[in-house]
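When a residue number appears, it is its place in the shown sequence, counting from 1. The structure presented is a predicted model; accordingly, all values stated were derived computationally and were not measured.
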Amino acid sequence: LLCENCGYVLNGLPDNGQCPECGKPTSESSPARRALPAWEEPRPLFGRVAGFFATSAVILFRPTRFYRTLAIRSDTGPAFLFAQIHWAATSLLLGWAACAHAAWVFRGDARNPVGIVPWVAVSAVAWLGLLLTTFLAARLTHWEASYRGIRLPLAVVRRGMYYHAAHYLPVA
């Protein structure tokens with residue numbers, strides 16, 4: 001059991017105690033306070049779609065609550081799928097905006113975009129950029145945490161970064 005604030009090992013301490021390193025109550029680090037997001041709960045298809053939108057809404061409008069209650073030591077597969085859906089939507093929007101902008105700059109007509117092939121190509125490059133940026137950010141975050149002596153496994157960082165992908169869509 002690690003302290004939520006500083007990463008200190010809390011094994012053997014009472015539930016009503018405090019972290020010897022930072023003084024935070026050990027009850028704040030209880031695994032019982034964490035749960036799977038609505039997206040990862042087993043449901044039928046339409047329930048899964050509703051879970052996707054519910055999870056996206058919580059991430060966008062209540063990020064502190066979401067990340068404080070996210071079960072961090074779970075499989076990263078569902079989180080990666082969640083990120084891929086958001087990356088795809090974001091990439092398509094960014095690709096469309098880039099093509100419309102290019103048509104406006106080069107032809108003076110933004111209502112008639114360049115075409116489907118350039119749109120797909122630009123979208124694919126945007127998707128790859130989001131993927132690589134996320135992997136690089138996760139690696140660097142894990143490396144910096146290790147350098148500072150904080151126990152932050154790479155899988156935990158990636159899980160958090162995958163759910164962070166919901167923040168790209170409003171920007172696009």
Side-chain angles (χ1 to χ4, degrees), residues 1-13 15 17-43 48-95 122-172:
L1 179 64
L2 300 178
C3 176
E4 286 289 318
N5 189 50
C6 68
Y8 188 82
V9 177
L10 301 176
N11 292 349
L13 294 176
D15 291 338
Q18 292 181 329
C19 174
E21 189 74 19
C22 68
K24 285 276 189 180
T26 56
S27 61
E28 290 184 11
S29 301
S30 172
R33 296 183 70 167
R34 299 195 169 271
L36 293 175
W39 160 252
E40 292 187 34
E41 292 175 4
R43 302 175 180 191
R48 185 115 169 145
V49 171
F52 175 82
F53 287 112
T55 301
S56 297
V58 171
I59 292 169
L60 290 173
F61 300 115
R62 305 282 309 268
T64 302
R65 180 174 160 243
F66 175 78
Y67 284 107
R68 287 214 177 161
T69 60
L70 176 65
I72 54 175
R73 300 202 186 265
S74 298
D75 182 27
T76 59
F80 185 63
L81 180 59
F82 181 86
Q84 286 185 0
I85 294 168
H86 276 284
W87 292 337
T90 300
S91 298
L92 290 171
L93 287 173
L94 290 174
V122 171
S123 296
V125 169
W127 184 87
L128 186 61
L130 290 170
L131 175 74
L132 293 176
T133 301
T134 301
F135 279 116
L136 179 63
R139 251 312 154 192
L140 290 174
T141 301
H142 168 69
W143 176 75
E144 183 178 0
S146 298
Y147 176 77
R148 294 178 185 269
I150 300 170
R151 292 179 184 94
L152 194 55
L154 183 59
V156 171
V157 176
R158 283 191 176 150
R159 185 166 166 76
M161 294 293 291
Y162 293 154
Y163 279 112
H164 182 266
H167 291 279
Y168 301 146
L169 198 55
V171 174

Of the non-hydrogen atoms in [X] and [Y], which two are nearest, and what is the gap between them?
| X | Y | result |
| --- | --- | --- |
| A38 | A54 | CB-CB, 4.3 Å |
| A138 | R158 | CB-CG, 3.8 Å |
| A79 | Y163 | CB-CE1, 3.4 Å |
| P37 | R159 | CD-NH2, 4.0 Å |
| I72 | R34 | CG2-NH1, 3.9 Å |
| H86 | L169 | ND1-CD2, 4.0 Å |

Can you check whether [X] reaches [Y] side chain to side chain, under 4.5 Å on heavy atoms?
| X | Y | value |
| --- | --- | --- |
| S29 | K24 | no |
| L60 | H167 | yes |
| L13 | P20 | yes |
| Y8 | C22 | no |
| V171 | T90 | no |
| F135 | R139 | no |

How long is the span from the [atom1] atom in [X] to the [atom2] atom in [Y], to the nearest 0.5 Å?
| X | Y | atom1 | atom2 | answer |
| --- | --- | --- | --- | --- |
| D15 | L10 | CG | CG | 10.5 Å |
| T69 | R62 | OG1 | CZ | 9.5 Å |
| L136 | L131 | CG | CG | 11.0 Å |
| I59 | F66 | CD1 | CZ | 4.0 Å |
| T76 | M161 | OG1 | CE | 13.5 Å |
| L36 | D75 | CG | CG | 10.0 Å |

Does [X] use its side chain to pair, donor to acceptor, with the backbone of [Y] at less than 3.5 Å?
| X | Y | result |
| --- | --- | --- |
| S91 | A124 | no |
| R48 | W39 | yes |
| R33 | L70 | no |

In terms of heavy-atom contacts, does CZ of R43 have more than 12 from other residues, nucleotides or ligands at under 6.0 Å?
->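 Yes, because the 6.0 Å sphere around CZ of R43 holds more than 12 heavy atoms from other groups.
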Is it true that atom OH of Y67 has more than 12 heavy atoms of other residues, nucleotides or ligands lying nearer than 6.0 Å?
->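 More than 12 heavy atoms, drawn from other residues, nucleotides or ligands, come within 6.0 Å of this atom.
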Assign the ring pair [X] / [Y] to parallel, tilted or perpendicular, where the plane angle (0 to 90°) is split at 30° and 60°.
| X | Y | answer |
| --- | --- | --- |
| F80 | W87 | perpendicular |
| F82 | F52 | tilted |
| Y168 | H164 | perpendicular |

